[in-house]
Student: 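One structure is given below, represented as structure tokens, and several questions about it will come after.
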Amino acid sequence: MRIALIALATSCILLGNTAQATEIKQQKNTVDNLQTELESIQSEYSTFITSLAVVNDNIALEKAKLAQTRTQGKALVGQTAKALAEMNEQYALMIDNPTQDISASQNDYRQAIQQQQKNKQLIKDSVARLAQLNKQLSDKNIERVRLLNQRETISEEINIARINRLTNEMQKTQSHNVSQSVSCDLETSFSKCITRSNLLSKQKASKTYLNNLFSSVTEAKLVNKHKANSNAHVKLLGNKVLTSEFSGQGTYSSTMQLTMQGVLPKNEACNLLNISTRYCAEQAPSAKNNLVKTDKGTLYELTIRSNQYDDEVFIDGVSYGSTKLSVMLSPGAHHIEVKKPNYINFEQSVKLRSNTMIRAELVKASVSLKNGQAVQDFLASGERGPELISVPGGQLAASENQANEQAIKAFSVGTNPITVADFKRFVAASNYTTAAESGNGCVEYVDGKETYNADLNWRQPGFTQTDEHPVVCINATDTNAYLTWLSKATGQKYRLPNNGEWEYSARAGSSYSYWWGNDAGNSKANCAYCGSQWSNKSTAPVKSFKANRFGLYDTVGNVWELTSGNNLVARGGAWNFAPKLAQVDVRLELKPDFRANYVGFRALREN
């Protein structure tokens, strides 16, 4: 019994500590505290950007200095050759005239050699300084992304805290006394008169209380701008008549005490604060409870626009002609297709619950494809290699990171990042050992800092994974070893996609921040604060989310994907990085030997 009591006491202490920790975290994560923290990290980031600019300036100066030194070196080579020729002429004169003084020409040649050697040393020193500065730049680029992720993480927490604050402020429970007088004619019974008075009191109190709630919240100015179409309302928890009397003129007067609570259904907090509804996803009722009752005769207007002429629109398999198109449809699920010869089909499913507009972006295809042709090579062992999709050639538009439009040739690329199962076949066939297994492990984030953990590698990344998860904790050397083996095993040429090819594949013809739009949405990808069961916890099995219009999975989030180029750059964001860093144009510069439990890769096969 004593042991049981000790165990019970211990469990009570643990529960108490857990509750206390939760309360402390909630107190810490207030909007004001988080905004102070954001200002601090923003100040740190601004200071960091200044230091980054200094490194870039020093690199530019060192490059200019090196170029000038090399130019001087070329001139010194000419001067040395000229001094050598003059000294040789003096030696020739000595044959006929042994008393000929050649000391001056010897001294000139000696000085020319010394200057040339000094110049070579200057070049060597400059190259070494430039390498050191480039290493600093590489380290700082990694640090820059860490600070950005930290900043965006706090921004995400602020929005969550704003939602919680508004919800708490709007869902207060209070009691109010309401006085009401009602004139009753002779034809109205006492009972009906009292019922009418009570109803008016409730309506009056509810409206007043709701307006008071809207006016009293912290962000009242913003909330009142968006309250017109709000579904926020008041719930009556109880009522009590305090006083009541009938006058001789047929007037019934009463004072009623009403207990009321504000209610914010579904995504109302997000709507009132004018932020993405993904922040309210956890507060939303289940799909079963979200069903909207509509009259069977109700029709909604579906408007479809396209970036091309002479296309053809199919709704639920029926042709409706070309865009611009507006059609009245019944509520519920409908499947939309927009087609045009030599263009990739646009497809979207929609659940009509209100008037809706769809903008279709058709992408020109240089090869005849039906949503991408599946490709899967056989390995030398007879097993199948990674799943690929044929991607049509096209044009990648100019952007902040790319000055001019880029022509992209058709190629085949992994349907998803290389998986643990894919990498296992390579290791089994080649007995390959990764850098993480033979070195100091791989990087994980600990308290917002990149930290090498010697126990982590592609087999044990620090979280539970299966063969269907993307392989992580591999560096550029490991990646190239796999792709070289895959090329030999299949007889095809495999490599990493370059930056242009990766972005073209990820966009799939879209000009948005994500292939589906500019809002990260909820549970559309595996990134921090993206609402999936893996967010901020681990990688997700590949194909856990919808594919883009090229048929490619996980181009947003899950793991950063390595690309080829002059510098090692990863794209696409990851499970523990904020949604903003998963946008299609964001680049993460890495050192060649860098490996982390949030970095993987996707294979490209040349057609």
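Here the structure is a predicted model, which means the values were calculated and not measured.
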Student: Judged by atom type as modelled, is there a donor-acceptor pair below 3.5 Å linking the side chain of Ser201 to the main-chain atoms of Ser197?
Tutor: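 Present.
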
Student: Just jot down the side chain to side chain donor-acceptor pair (under 3.5 Å) partners of Arg162, sequence neighbours excluded, or say none.
Tutor: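 Side chain to side chain donor-acceptor pair (under 3.5 Å) check on Arg162 returns Asn159, Glu219.
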
Student: What's the shortest heavy-atom distance between Met170 and Phe214, and which atoms?
Tutor: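 Shortest heavy-atom separation between Met170 and Phe214 comes out as CE-CE2, 3.8 Å.
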
Student: For the side chain of Asn558 and the backbone of Ala540, is there at least one donor-acceptor N/O pair under 3.5 Å apart?
Tutor: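 Yes; at least one donor-acceptor contact below 3.5 Å.
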
Student: For the pair Asn526 (side chain) and Gly557 (backbone), establish whether a donor and an acceptor sit closer than 3.5 Å, ignoring hydrogens and angles.
Tutor: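 Answer holds: no.
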
Student: Could you tell me whether Arg571 and Glu503 make a salt bridge, using a distance below 4.0 angstrom between a side-chain N and a carboxylate O?
Tutor: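 Between Glu503 and Arg571 there is a salt bridge, with a charged N closer than 4.0 Å to a carboxylate O.
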
Student: Counting only N and O atoms by type, is there a donor-acceptor contact under 3.5 Å from the side chain of Asn416 to the main-chain atoms of Tyr553?
Tutor: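 No.
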
Student: For Cys270, give me all partners under side-chain contact (heavy atoms from CB on, under 4.5 Å), at least two apart in sequence or on another chain.
Tutor: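 Only Ile163, Ile275, Thr277, Tyr279, Cys280 meet the side-chain contact (heavy atoms from CB on, under 4.5 Å) criterion with Cys270.
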
Student: For the residue pair Gln180 and Ser254, confirm or rule out a side-chain donor-acceptor distance under 3.5 Å.
Tutor: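 No - no donor-acceptor pair under 3.5 Å links their side chains.
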
Student: Please check this pair: side chain of Lys351 against backbone of His334, looking for a donor-acceptor N/O pair closer than 3.5 Å.
Tutor: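 A pair under 3.5 Å: no.
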
Student: Does the ring of Phe314 carry Lys339 above it, NZ/CZ under 6.0 angstrom from centre and within 45° of its axis?
Tutor: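 Yes, Lys339 sits over the ring of Phe314.
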
Student: Got a second to check how far Thr30's OG1 is from Asn164's CG, nearest 0.5 Å?
Tutor: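 It is 11.0 Å, given to the nearest 0.5 Å.
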
Student: Which heavy atom of Ala232 sits nearest to which heavy atom of Glu268, and what is that distance?
Tutor: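 Where Ala232 meets Glu268 most closely, the heavy atoms are N-OE1, 3.9 Å.
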
Student: I need the Asn141 CG to Glu589 CD distance, nearest 0.5 Å.
Tutor: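 One finds 4.0 Å between CG of Asn141 and CD of Glu589.
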
Student: A cation-pi test, strictly: NZ or CZ of Arg549 under 6.0 Å from the centre of the six-membered ring of Phe346 and no more than 45 degrees from its axis. Yes or no?
Tutor: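 That pair does not qualify as a cation-pi contact.
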
Student: Taking all heavy atoms of Ala574 and all of Tyr598, pick out the closest pair and write down the distance.
Tutor: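 The answer is CB-O, 3.7 Å.
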
Student: Look at the side chain of Asp467 and the backbone N and O of Val420, then say whether any donor-acceptor pair between them is shorter than 3.5 Å.
Tutor: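 Answer holds: no.
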
Student: Please round to the nearest 0.5 Å and tell me the distance separating atom CZ of Arg602 and atom OG of Ser505.
Tutor: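 Arg602 atom CZ to Ser505 atom OG measures 7.5 Å (nearest 0.5 Å).
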
Student: Nearest 0.5 Å, please: how far is CG in Asn29 from CZ in Arg165?
Tutor: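 One finds 13.0 Å between CZ of Arg165 and CG of Asn29.
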
Student: Kindly write out the residues that satisfy side-chain contact (heavy atoms from CB on, under 4.5 Å) with Thr243, not counting sequence neighbours, or none if the list is empty.
Tutor: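 For Thr243, the residues satisfying side-chain contact (heavy atoms from CB on, under 4.5 Å) (neighbours in sequence not counted) are Thr255.
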
Student: Tell me every residue that passes ring-ring contact (aromatic ring centres under 6.0 Å, His included) with His176, counting only those two or more places apart in sequence or in another chain.
Tutor: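 Expected list: Tyr209.
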
Student: Any sub-3.5 Å donor-acceptor pair from Glu169's side-chain atoms to Thr218's backbone N or O?
Tutor: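 It does hold such a pair.
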
Student: Would you say the side chains of Thr251 and Ser181 form a donor-acceptor pair under 3.5 Å?
Tutor: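 The answer is no; no qualifying pair exists.
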
Student: Going by ring-ring contact (aromatic ring centres under 6.0 Å, His included), name the residues that satisfy it together with Tyr252, two or more places apart in sequence or in a different chain.
Tutor: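 So Tyr252 forms a ring-ring contact (aromatic ring centres under 6.0 Å, His included) with Phe246.
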
Student: So which atom in Thr167 and which in Ala269 form the shortest heavy-atom distance, rounded to 0.1 Å?
Tutor: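 So the two residues come closest at OG1-CB, 4.1 Å.
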
Student: Is the closest side-chain heavy-atom distance between Val584 and Ser513 below 4.5 Å?
Tutor: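 The answer is no; the side chains never approach within 4.5 Å.
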
Student: With rounding to the nearest 0.5 Å, note down the distance linking CD1 in Ile41 to OG1 in Thr36.
Tutor: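 Ile41 atom CD1 to Thr36 atom OG1 measures 13.5 Å (nearest 0.5 Å).
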
Student: Do Asn212 and Ser215 meet the criterion of a side-chain donor-acceptor pair at a distance under 3.5 Å?
Tutor: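 Judged by distance alone, the side chains do not pair up.
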
Student: For residues Val338 and Val313, report the shortest heavy-atom separation together with the two atoms involved.
Tutor: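 Residues Val338 and Val313, closest heavy atoms: CG2-CG2, 4.3 Å.
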
Student: Can you name the residues that form a salt bridge (charged side-chain N to carboxylate O under 4.0 Å, His left out) with Glu387, not counting sequence neighbours?
Tutor: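 With sequence neighbours excluded, Glu387 shows a salt bridge (charged side-chain N to carboxylate O under 4.0 Å, His left out) to Lys543, given in chain and number order.
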
Student: Taking the side chain from Ser230 and the backbone from His226, do they hold a donor-acceptor pair closer than 3.5 Å?
Tutor: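 Not at all, since once roles are kept as given, no pair shorter than 3.5 Å links the two residues.
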
Student: Ring centres under 6.0 Å, that's the criterion: do Phe550 and Trp515 meet it?
Tutor: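 Ring-ring flag for Phe550/Trp515: false, centres at least 6.0 Å apart.
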
Student: Are Phe463 and Trp534 close enough that their ring centers fall under 6.0 Å?
Tutor: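 For Phe463 and Trp534, the ring centres are not under 6.0 Å apart.
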
Student: At their closest point, which heavy atom of Thr415 faces which heavy atom of Gly551, and how far apart are they?
Tutor: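 Looks like CG2-O, 3.6 Å.
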
Student: Taking Ser532's backbone N and O only, do any of them form a donor-acceptor pair with Ser535's side chain (distance below 3.5 Å, no angle check)?
Tutor: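 Yes; at least one donor-acceptor contact below 3.5 Å.
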
Student: Given Tyr529, which of Glu157, Glu156, Arg278, Glu152 fulfils the side-chain hydrogen bond (donor to acceptor under 3.5 Å, both in side chains) condition?
Tutor: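 Result: among Glu157, Glu156, Arg278, Glu152, Glu157 is the only option passing the side-chain hydrogen bond (donor to acceptor under 3.5 Å, both in side chains) with Tyr529.
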
Student: Without swapping roles, check the side chain of Arg146 against the backbone of Gly448 for a donor-acceptor pair under 3.5 Å.
Tutor: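 Such a contact is found between Arg146 side chain and Gly448 backbone.
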
Student: Decide whether Ser322 and Asp311 meet the rule of one side-chain donor and one side-chain acceptor closer than 3.5 Å.
Tutor: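 Checked: Ser322/Asp311 side chains show no N/O donor-acceptor pair below 3.5 Å.
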
Student: Please round to the nearest 0.5 Å and tell me the distance separating atom OH of Tyr514 and atom CG of Asn548.
Tutor: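 Between Tyr514 OH and Asn548 CG, I get 15.0 Å after rounding to 0.5 Å.
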
